[in-house]
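First comes the structure, then the notes that go with it.
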Number of protein chains: 2
Amino acid sequence: MKKTARSRIIGKSRSVRPPIVRSRRTRCLLTHTVLERLMHYYICLSKYDPNIEWISSPHLAVQFRVDDTQVRKDLAVIGVKGRPNAGFRRSQILERIREFLGLGRSLKAVVVGVGRLGGALVAYRDFRELGLEIAGLFDNDPRKIGGSIAGLTILSTDGMKSFIRQRKIRIAILACPVFVAQILAHELVEAGIRAIWNFSPTTLQVPSGVFVRNEHISVGIGEIAYHLLPF
Amino acid sequence: MKKTARSRIIGKSRSVRPPIVRSRRTRCLLTHTVLERLMHYYICLSKYDPNIEWISSPHLAVQFRVDDTQVRKDLAVIGVKGRPNAGFRRSQILERIREFLGLGRSLKAVVVGVGRLGGALVAYRDFRELGLEIAGLFDNDPRKIGGSIAGLTILSTDGMKSFIRQRKIRIAILACPVFVAQILAHELVEAGIRAIWNFSPTTLQVPSGVFVRNEHISVGIGEIAYHLLPF
DNA sequence: GAAAGTTCGTGAAAATATTCTCGAATCTCG
DNA sequence: CGAGATTCGAGAATATTTTCACGAACTTTC
């Protein structure tokens, strides 16, 4: 495809394939792959026995099924220094990842679509540890509105925009049926949402500047089926 | 790290970083990245308006936020031929992906750990369309055992191994708390499970030959937080 | 305190993945 | 039919990611 007018207009400008963004703190760039691995480390290391403090890259390599050089490179990127013959400090790894990714400061989010999946996400414990704070629940099913999950009341999507604007919420977790996803995404963006965590199995079209992370769970089935082909 | 005895023993042998596996049908290799994109295409294209049959790579590129060459390459890998000035046949894309990934034949699975997340997965509609058939639900909480979700009764984990062996089930969806994940994974492998879809936030150590896909949902928070750093 | 054994840190090399370029095929419309 | 617009297909060129290789740092043990 030549760079025709049409192709230049839509998308492409931001968050294309390897979504690279400059960190505020340093000049360093974290690529998508590094980001994913760092989170993987974080999630698992934060659940380690608190007595274990020094961890070597070969140990992490086995644990996470990556190369040990990879681990060292990843940690080097976020400025974690190791000690020869000892490894890295677990607490420092966690701290630096938190800092670098901005997990510390509380991230307010709304959940849009409170079906089974949405409900599970609202109640998911690990989110709070990571700084994600769910501030509002929305659904357009009259039978659900007024109900509550994890201490939060489910509200009508009618008041969603003003709710988000008033509280300056930047993150939306979208767990609604496919056929309303795009419409809701549009509303969310209008209300000032800057990141959509999309659990509905569609692609959303959003203006550049809005970050979308697709969490298409079914993707896993593909990989599993493929790896099971010989059986 | 030199290739010492220790590092050679654990892992490394199969499904390291880019989990490449040879397809039975052709000599072609699908890498992790291609696999993910193909599933992404599949999930979204299967929900398209049935009247739309011809789709061009520039169109798909905008939709999925990838390069149009990428789309063509992906489709070439699975042997989908396009037509100049028209694009590709939607039905053919879907068919070839299904064939190539082995989505057609019904894939039996058990769900282990029926909390909120496990329950949501059991009820998740799209799974069946993709060929994933949930054959059994297991939990070790006596209050849950005997209950039912989506027409399936929750059974005790005591009988899990024989259940899996008898029905020759190959896939397990693990949605249990972290502290029992490794133990259960071990049992599952003993029972003959060949692929574990791990939703618990730990890394599992399994013998080589068993495929693990980690679905650490919280990873998404990291990416979102990072992209929201400037705000 | 020297020797043996780990492990970090890093630059170079290899492997993968993505994008560019452009000729050829196909359709539309006057 | 011929001009113009669109799109495929494929090889070359880039860019990114992963792995290798090895010197230096640190511990432990004799």
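None of the values given here were measured: they were computed from a predicted structure. By convention in this document, chain letters (A, B, ...) are assigned in the order of the sequence lines, proteins followed by strands, and residues within each chain are numbered from 1.
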Spacing of W54(B) atom CH2 relative to dT28(C) atom C1', expressed in whole Å: 17 Å
Quick check on dT19(D): is either OP1 or OP2 less than 4.0 Å from any side-chain nitrogen or oxygen of T69(A)? no
Rounded to the nearest Å, what distance is computed from the CG atom of residue L75(A) to the P atom of nucleotide dT10(C)? 13 Å
Taking every non-hydrogen atom, the tightest pair across L103(A) and A225(B): CD2-CB, 3.9 Å
Between R98(B) and E95(B), does any NZ, NE, NH1 or NH2 come within less than 4.0 Å of an OD or OE carboxylate oxygen? no
Check ion pair D49(A)-R90(A) (N to O, under 4.0 angstrom): no
Quick one: K81(A) NZ to dA25(D) P, roughly how many Å, whole number? 14 Å
Report yes if some heavy atom in the side chain of V110(B) is under 4.5 Å from a heavy atom in the side chain of I134(B); otherwise report no. no
Rounded distance in Å - NZ (K73(B)) to P (dA10(D)): 10 Å
P84(B) side-chain proximity, nearest of dT10(C), dT26(C), dC8(C): dT26(C)
Rounded to the Å, how far apart are D68(A) CG and dT18(D) P? 14 Å
Measure from CG on D67(A) to P on dA15(C) and round the result to the nearest Å. 14 Å
Measure from the side-chain heavy atoms of N85(A) and tell me the nearest of dT19(D), dC26(D), dT19(C). dC26(D)
Would you tell me if any nitrogen or oxygen in the side chain of T33(B) comes within less than 4.0 Å of OP1 or OP2 on dT16(C)? no
Mapping V34(A) and R83(B) onto DNA chain D by nearest heavy atom, which one lands closer to the 5' end? R83(B)
Establish, with yes or no, whether the OP1 or OP2 oxygen of dC8(D) is under 4.0 angstrom from a side-chain nitrogen or oxygen of S57(B). yes
At under 4.0 Å, does any side-chain N or O of T31(A) touch on OP1 or OP2 of dT17(D)? yes
Using whole Å, what does the distance between atom C1' of nucleotide dC8(C) and atom CD of Q92(A) come to? 13 Å
Gap between atoms CZ and P, on R89(A) and dC8(C) respectively (whole Å): 14 Å
Would you tell me if any nitrogen or oxygen in the side chain of R72(B) comes within less than 4.0 Å of OP1 or OP2 on dG11(D)? no
Please determine whether a side-chain nitrogen of the Lys or Arg among E223(A) and R37(B) lies less than 4.0 Å from a carboxylate oxygen of the Asp or Glu. no
